[in-house]
Amino acid sequence: MLVTVCCFTALTQGQAATAEWPAGLPEANGISIDKLRAMETAIRAGDFKKIGSVLISRHGKLAYESYFDGDATTLRDTRSATKSITDILIGISIDEKKLNGVDARILQLLPDHEGKLQNPDPRKDNITVEDFLTMSSPLECDDWNDASRGNEERMYVVEDWAQFILDLPIRGRMHLGEQVDPPPYGRYFSYCTGGVFTLSEVLQKTTGVRTDRYAQEKLFTPLGITDAQWVYSPLNIPQTGGGLHLSSRDLLKIAQLYLNGGTWQGHRIVDQAWAKKSTQPHARIDEQTEYGYLWWLKSFKSGEKSYPAFFMSGNGGNKIAVFPELDLAVVITSTNYNTRGMHEQTEKILTDYVLPAVEP
């Protein structure tokens with residue numbers, strides 16, 4: 001890792017670390033520029049659609065930066081990729097003892113919603129912060145199913161998004177035969193943006209600060225991030241489930257922060273144990289993919305080797321990936337929204353160009 005555990009210094013409130021990345025030449029950091037030039041040629045030839053930027057940090061240095069749409073100042077809408085930032089804010093609030101851990105119960109934290117709950121069920125009383133961090137609450141919410149009552153598109157047309165989510169009935173599952181095997185890690189994964197949004201209200205209730213302002217004070221300012229554009233609900237609550245616009249470099253800072261175990265340029269921002277726990281598996285999505293606390297987990301194969309990664313992922317094929325074994329962080333932004341193969345093409349950039357360019 002870039003920094004040893006013994007040498008961290010704490011940031012005072014509102015203090016910013018150095019905003020600019022320490023730069024380094026690709027070759028000096030074990031990266032073949034020839035392979036990356038081939039990637040640039042393929043992107044500009046149209047082999048990959050609507051790629052905005054590709055940035056790479058290696059050994060803590062900004063080793064490669066290329067823009068195909070916009071420039072370094074362009075704010076990127078990486079959609080759900082920014083869910084992972086919500087994990088970071090939850091971790092900071094727990095470390096500050098504002099939030100009493102991941103076992104804190106949502107309805108106890110949000111009594112105004114509990115008082116007007118539809119579809120009451122005792123199981124709703126037990127829904128925790130961790131259930132929303134791992135996309136495994138028992139609510140009937142599935143953004144990957146157009147028929148789901150909790151699909152995010154239905155949420156956006158009502159005023160109170162958190163109430164919409166908490167009013168949902170309990171999810172049921174048909175099964176063949178009487179025997180039901182327990183899921184891996186004891187959790188059933190169901191992708192639910194509304195649950196992550198509800199954490200915005202949890203953060204505001206427990207910290208006493210609106211989430212966008214809390215993020216700016218506790219995360220963005222320490223990282224030297226000065227330009228962030230949020231989406232807000234009709235009730236003016238920041239959408240922590242996606243849509244936050246950040247520059248490509250600032251997205252790379254988020255990845256580097258967790259690659260460093262919660263530090264940026266020697267300053268502790270996130271508790272090391274939280275960063276580690278967030279990027280460990282808590283639910284299984286499929287045979288190749290697991291899920292942490294709003295971080296995706298899988299291995300990417302390049303040549304004969306496979307490299308484990310944790311990453312942020314969003315509609316359009318946006319990927320902000322960390323490869324701890326290689327001391328590598330990668331940002332690929334794309335506006336290839338709602339198209340078949342959007343994620344496959346950015347994964348192909350990773351496996352066919354970026355990873356082969358890196359010396360282990």
Side-chain angles (χ1 to χ4, degrees), residues 1-3 8-11 14-24 29 31 52-67 70-92 211-212 214-230 240 242-272 274-276 278-279 294-296 309-314 318-324 326-333 354:
M1 296 304 248
L2 177 61
V3 192
F8 302 136
T9 56
L11 284 169
Q15 177 184 355
T18 304
E20 293 304 316
W21 279 86
N29 288 282
I31 297 174
S53 62
V54 179
L55 284 74
I56 302 172
S57 70
R58 185 93 197 275
H59 306 318
K61 303 287 182 62
L62 179 57
Y64 175 83
E65 182 176 27
S66 191
Y67 296 93
D71 56 28
T73 66
T74 302
L75 298 185
R76 310 286 172 173
D77 179 7
T78 55
R79 303 292 173 93
S80 287
T82 47
K83 281 182 169 72
S84 306
I85 292 172
T86 306
D87 155 72
I88 299 173
L89 299 177
I90 290 289
I92 293 172
T211 302
D212 53 348
Y214 188 72
Q216 189 61 54
E217 178 186 353
K218 303 296 182 178
L219 179 61
F220 294 160
T221 295
L223 286 173
I225 296 173
T226 59
D227 199 2
Q229 187 177 74
W230 291 79
T240 50
L244 173 62
H245 291 50
L246 293 170
S247 73
S248 300
R249 283 187 183 181
D250 289 343
L251 290 164
L252 193 60
K253 288 179 181 180
I254 300 294
Q256 187 69 47
L257 175 69
Y258 263 38
L259 177 55
N260 292 347
T263 69
W264 170 250
Q265 297 186 2
H267 299 279
R268 171 68 61 195
I269 296 174
V270 183
D271 177 67
Q272 185 177 31
W274 178 263
K276 181 178 181 180
S278 297
T279 54
L294 303 177
W295 290 84
W296 302 75
F310 58 87
F311 58 98
M312 306 157 70
S313 181
N318 290 283
K319 289 281 186 297
I320 298 95
V322 175
F323 296 86
L326 297 172
D327 198 11
L328 180 79
V330 183
V331 166
I332 303 174
T333 63
V354 174

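Only a predicted model underlies this, so the values are computations on that prediction, with no experimental measurement involved.
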**Item:** Close side-chain approach of Leu75 to Asp227, heavy-atom, < 4.5 Å
**Value:** yes
**Asked** If you take all heavy atoms of Ala228 and Leu246, which pair is closest and at what distance?
**Response** CB-CD2, 3.6 Å
**Any donor-acceptor N/O pair, Thr82 side chain to Ile85 backbone, under 3.5 Å** = no
**Prompt:** Can you name the one residue among Leu252, Val354, Ile320 that meets side chain to side chain contact (heavy atoms under 4.5 Å, CB included) with Val330?
**Reply:** Val354
**Request:** Determine the interplanar angle of the Phe310 and Trp295 rings, folded into 0 to 90°, and report it as parallel if under 30°, tilted if 30 to 60°, perpendicular if over 60°.
**Result:** perpendicular
**Request:** Please name the pair of heavy atoms, one in Gly52 and one in Arg76, separated by the smallest distance, quoted to 0.1 Å.
**Result:** CA-NH1, 3.7 Å
**Message:** Please enumerate all residues that pass salt bridge (charged side-chain N to carboxylate O under 4.0 Å, His left out) together with Asp77, with sequence neighbours excluded.
**Reply:** Arg79
**Prompt:** Do the side chains of Glu65 and Ser248 get nearer than 4.5 Å, heavy atoms only?
**Reply:** no
**Message:** To the nearest 0.5 Å, what is the distance between CZ on Arg249 and OG on Ser57?
**Reply:** 12.5 Å
**Message:** If we ignore hydrogens and angles and just use 3.5 Å, is the side chain of Thr333 paired with the main-chain N or O of Ser53 as donor and acceptor?
**Reply:** yes
**Request:** List the atom of Thr240, the atom of Thr86, and the distance in Å for their closest heavy-atom pair.
**Result:** O-OG1, 2.7 Å
**Fill in**
The salt bridge (charged side-chain N to carboxylate O under 4.0 Å, His left out) partners of Asp87 (sequence neighbours excluded) come to none
**Request:** Could you check if a side-chain atom of Thr78 sits within less than 4.5 angstrom of a side-chain atom of Met312, using non-hydrogen atoms only?
**Result:** no
**Prompt:** Looking at side-chain heavy atoms only, is the closest gap between Asn318 and Leu251 below 4.5 Å?
**Reply:** no
**Message:** When you measure from the side chain of Gln256 to the backbone of Val322, do you find a donor-acceptor pair of N or O atoms at a distance under 3.5 Å?
**Reply:** no
**Item:** Arg58 (side chain) donor-acceptor with Tyr64 (main chain) under 3.5 angstrom
**Value:** no
**Prompt:** What pairs with Tyr214 under ring-ring contact (aromatic ring centres under 6.0 Å, His included), at least two apart in sequence or on another chain?
**Reply:** none
**Message:** Using side-chain heavy atoms (C-beta onward) and a distance below 4.5 Å, is Ile88 in contact with Trp274?
**Reply:** no
**Asked** Which heavy atom in Lys218 sits nearest to a heavy atom in Ile269, and how many Å separate them?
**Response** O-CG2, 3.7 Å
**Message:** How close do Ala321 and Phe311 get, counting heavy atoms only, and between which atoms?
**Reply:** CA-CB, 3.6 Å
**Message:** Ignoring hydrogens, what is the shortest heavy-atom contact between Gln216 and Ile225? Give both atom names and the distance.
**Reply:** NE2-O, 3.0 Å
**Item:** Under 3.5 Å: donor-acceptor pair, side chain of Ser84, backbone of Leu294
**Value:** yes
